[in-house]
Number of protein chains: 4
Amino acid sequence: MPRLSPSEAAPTPDEHCAKRRQILTGARAVFLEHGFDGASMGEIAKAAGVSKGTLYVYFADKHSLFVAIVEAEIHDQGWGSFDFSADTDVERQLRGFGQAYIQTLCKPRSSSAIRTVMAIAERMPEVGRSYYERVIAQTVRRLGEALKRQVEAGVLKIDDCEFAASQFMMSCQASLFLPFVFQATPQPTPERIAAVVDSATRMFLAAYRVPSSS
Amino acid sequence: MPRLSPSEAAPTPDEHCAKRRQILTGARAVFLEHGFDGASMGEIAKAAGVSKGTLYVYFADKHSLFVAIVEAEIHDQGWGSFDFSADTDVERQLRGFGQAYIQTLCKPRSSSAIRTVMAIAERMPEVGRSYYERVIAQTVRRLGEALKRQVEAGVLKIDDCEFAASQFMMSCQASLFLPFVFQATPQPTPERIAAVVDSATRMFLAAYRVPSSS
Amino acid sequence: MPRLSPSEAAPTPDEHCAKRRQILTGARAVFLEHGFDGASMGEIAKAAGVSKGTLYVYFADKHSLFVAIVEAEIHDQGWGSFDFSADTDVERQLRGFGQAYIQTLCKPRSSSAIRTVMAIAERMPEVGRSYYERVIAQTVRRLGEALKRQVEAGVLKIDDCEFAASQFMMSCQASLFLPFVFQATPQPTPERIAAVVDSATRMFLAAYRVPSSS
Amino acid sequence: MPRLSPSEAAPTPDEHCAKRRQILTGARAVFLEHGFDGASMGEIAKAAGVSKGTLYVYFADKHSLFVAIVEAEIHDQGWGSFDFSADTDVERQLRGFGQAYIQTLCKPRSSSAIRTVMAIAERMPEVGRSYYERVIAQTVRRLGEALKRQVEAGVLKIDDCEFAASQFMMSCQASLFLPFVFQATPQPTPERIAAVVDSATRMFLAAYRVPSSS
DNA sequence: TATGAATGAGGGTTCATTCAT
DNA sequence: AATGAATGAACCCTCATTCAT
């Protein structure tokens with residue numbers, strides 16, 4: 001039996017994926033704004049521009065949709081785009097990464113995701129763990145590897161490079177991230193971020209830079 | 001007939017306070033475990049061992065009860081008990097405070113509160129701000145003052161002591177707090193905490209200690 | 001065992017009656033404003049200035065209290081004070097009564113009572129019946145008797161005086177009471193009432209006055 | 001396979017309207033019996049044969065449903081069907097209308113609606129006003145116009161025809177409507193109504209008929 | 001596939017009533 | 001007698017989910 005027109009029958013994979021993405025986009029907005037419990041499937045459907053029933057064609061239930069959102073956030077938030085090879089000078093490397101990192105971290109989108117995932121981590125440990133591993137820990141690991149290369153180049157002296165990476169990243173957050181997520185201060189300006197990252201870089205190098213032999 | 005104990009007779013302020021505390025205790029457990037939206041007044045009533053109606057005798061609504069819980073946590077979590085005057089040696093001072101701080105921060109109770117308050121900060125900014133100000137910022141301030149004293153004693157050389165305090169505190173969290181709140185690692189052991197705080201202290205002093213003149 | 005002071009022991013009947021009246025006063029305000037279902041015992045207690053428990057010392061339940069209120073309204077609304085003997089001239093008699101009647105009927109207090117009792121009459125027929133009988137029907141009866149006296153005096157010619165009384169009273173309401181209870185018009189002014197009652201009186205006398213023999 | 005009936009297939013506007021009507025029917029029964037506050041959405045759902053949730057698919061809240069009920073009653077109660085042109089003889093016209101009017105007014109359905117709307121008029125003035133205007137006032141207006149035609153035909157002599165209409169309608173209620181709404185007497189018989197309306201007609205014509213010139 | 005009508009369990013909240021004091 | 005803390009049933013309403021179309 002020939003189909004009269006493709007649009008009247010089973011959707012093509014493209015259409016399927018498009019609608020799926022549409023749902024994810026709407027759901028992300030609602031989940032990140034209201035959290036898992038505060039988000040309602042009705043509001044998600046409206047935000048996605050589909051019917052409530054359609055949500056259940058693509059996702060088994062609210063939980064599955066939420067997991068998919070977190071999964072998507074893990075890939076889309078831009079944590080993978082930090083470029084550690086751009087610079088070989090350790091100071092510029094740290095400053096460049098640090099600023100990009102804090103800028104990303106303090107975007108409303110990131111902080112909403114962190115809030116939302118952190119909030120649910122007690123009841124959905126795998127979701128929390130997965131987000132941490134593939135977003136934060138992975139970034140720590142990549143910075144750690146960059147530091148390792150500097151150690152091997154004799155520029156830095158560090159025992160545990162991954163730990164040092166975490167140490168640097170945390171000190172870059174000083175006075176910036178926590179007050180921002182708790183809504184105690186507005187989103188930090190690039191200038192403020194640069195100053196804080198500068199200070200963190202100085203402290204880090206004071207501790208780990210191999211004294212120049214000159 | 002002599003009364004066995006006064007608590008069996010007087011129904012008034014003591015019992016009133018007692019029941020209030022009983023409700024707060026139950027509500028804290030439920031709110032901190034499930035978050036604001038995930039907690040139900042019915043579950044809270046059950047946890048507190050009172051009827052649902054009784055909740056509304058003591059608190060106007062769910063929001064008020066939640067605010068009271070956060071308020072209580074602000075006072076009860078032990079952030080105010082850090083003792084900065086115990087030691088005058090800067091290194092021991094930093095290590096002592098850092099360990100106590102991370103120990104407190106990484107207790108399940110603290111991390112649950114942080115998760116819960118952080119999650120709601122977007123919809124209840126005053127709650128988030130209040131928690132940050134009176135728990136975290138206050139601790140930063142107190143450490144900053146301690147550092148200032150060291151600066152005045154000529155031991156440290158720091159421009160912005162409060163910022164330096166935040167920097168130290170954040171670097172103490174390296175590899176410990178974030179994986180813990182995201183449920184990626186179990187509660188850190190005291191040994192691990194000690195090692196991390198040691199490292200943070202070394203880095204901090206490398207950057208800010210005035211070289212001994214000897 | 002002698003009582004130390006009367007105020008410390010069983011209250012005197014006076015006190016008892018006073019508190020009872022106090023409750024009735026508060027309850028009347030609340031019941032008449034919100035209706036039986038819309039009124040809450042808590043609000044009544046507050047309006048009466050007593051505790052909720054005290055209400056149940058004086059009245060078995062909400063229903064009993066409501067019945068008592070209606071009973072009190074039946075006596076207190078001033079429907080019994082119409083004076084038919086003040087005037088012997090039939091025209092002045094009708095006008096005088098008509099104005100007093102409509103004035104009373106269109107007071108907020110009367111219309112609230114009528115609304116409230118009428119609303120509940122389907123579920124509490126005895127309450128409705130009692131109110132009608134002892135307020136409205138009684139007034140009709142008294143006017144009917146006054147008319148009868150005029151008939152006996154040869155001034156009016158009426159078969160059924162009680163029915164004629166009702167007829168007069170209803171025609172006095174024309175354009176006044178219904179729009180007022182339905183909140184379509186404000187409380188009528190005395191002037192408007194006088195005009196309407198005048199017209200009703202003229203119509204009534206046109207139909208029932210014995211033509212003067214002169 | 002041919003469909004047996006269209007109603008078994010199309011789920012859309014017909015069924016939507018049908019269910020809406022079904023809800024309105026159930027809600028009317030409950031609201032008119034118990035009043036706004038006495039009616040519960042659960043009972044309405046049961047009476048309508050739908051689930052509680054379905055009510056909220058069709059109506060935003062209890063208040064909206066109630067307003068819709070009153071609106072429907074305004075149209076469905078048959079107040080618009082009085083025919084003033086059927087008769088040109090003024091006496092037969094008044095008698096015919098008067099009987100139809102009182103018959104309608106004293107049906108349980110009308111008196112329930114009046115009770116319910118009157119009861120809520122203090123808290124929902126627009127509802128009360130709307131009901132009065134579009135049911136009672138409109139009928140008064142239409143009778144007033146019919147009277148005006150009789151005035152223009154030289155049959156009646158009336159200054160304010162709308163007021164006279166109200167006067168006639170009120171006097172038709174004498175001894176009938178009030179005792180009925182207050183549940184003091186049963187629904188009046190057609191014979192009783194006829195007698196009362198006859199009397200009202202006689203009184204009205206005695207006052208307003210232009211004496212025949214013969 | 002996509003819909004949206006329909007559901008019923010459960011949400012927060014109120015309230016008439018009781019009872020120990 | 002008077003209280004007010006306590007209750008639990010019922011209130012209105014929301015929501016995740018299902019299902020016929």
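Numbers restart at 1 for each chain; the letters A, B, ... are given by sequence-line order, proteins then strands.
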Undergrad: With sequence neighbours excluded, tell me which residues meet side chain to side chain contact (heavy atoms under 4.5 Å, CB included) with B/S111.
TA: B/R115, B/F177, B/F180, B/V181
Undergrad: Verify, without hydrogens or angle tests, whether D/Q22 (side chain) and D/A48 (backbone) share a donor-acceptor contact under 3.5 angstrom.
TA: yes
Undergrad: Roughly how many Å is it from CG in C/L55 to C1' in F/dA1, rounded to a whole number?
TA: 13 Å
Undergrad: Does C/S51 have any side-chain hydrogen bond (donor to acceptor under 3.5 Å, both in side chains) partners at least two apart in sequence or in another chain, and if so, which?
TA: C/T54
Undergrad: Can you name the side chain to side chain contact (heavy atoms under 4.5 Å, CB included) partners of D/A68, sequence neighbours left out?
TA: D/L24, D/F59
Undergrad: Strictly by salt bridge (Lys or Arg N to Asp or Glu O under 4.0 Å), give each pair with a member in residues 31-53 of chain D just once, sequence neighbours left out.
TA: D/D37-D/R123
Undergrad: Can you confirm if the NZ or CZ of D/K19 lies within 45° of the ring axis of D/Y58 and under 6.0 Å from the centre of its six-membered ring?
TA: no
Undergrad: For D/F31 and F/dC11, what is the distance between atoms CZ and C1' respectively, to the nearest whole Å?
TA: 13 Å
Undergrad: Listed by chain and number, what are the side-chain hydrogen bond (donor to acceptor under 3.5 Å, both in side chains) partners of D/R129, not counting sequence neighbours?
TA: none
Undergrad: Could you give the CD-to-P distance, from C/Q22 to F/dA2, as a whole number of Å?
TA: 9 Å
Undergrad: Return the value, rounded to whole Å, for the distance between atom CZ of C/R20 and atom C1' of F/dA1.
TA: 15 Å
Undergrad: Whole-Å distance between E/dT7 P and D/I23 CD1?
TA: 9 Å
Undergrad: Tell me, please, which residues at least two apart from A/A29 pass side chain to side chain contact (heavy atoms under 4.5 Å, CB included).
TA: none
Undergrad: Looking at F/dA1, I'd like to know if its phosphate oxygens (OP1 or OP2) sit under 4.0 Å from a side-chain N or O belonging to C/K19.
TA: no
Undergrad: Under a 3.5 Å cutoff on both atom distances, Watson-Crick or G-U, what's the dot-bracket for DNA chain E ([ ] crossing, | other strand)?
TA: .||||||||||||||||||||
Undergrad: Please enumerate all residues that pass side chain to side chain contact (heavy atoms under 4.5 Å, CB included) together with C/V67, with sequence neighbours excluded.
TA: C/H63, C/V127
Undergrad: Could you state the atom-to-atom distance from CD1 of D/I44 to P of F/dC11 in whole Å?
TA: 11 Å
Undergrad: Do nucleotides 9-16 of chain E as a string where each nucleotide becomes B, S or -: B if the base has a protein heavy atom under 4.0 Å, S if just the sugar-phosphate does, - if no protein is that close.
TA: -BSBBBSB
Undergrad: Between F/dG4 atom P and B/Y58 atom OH, what is the distance in whole Å?
TA: 13 Å
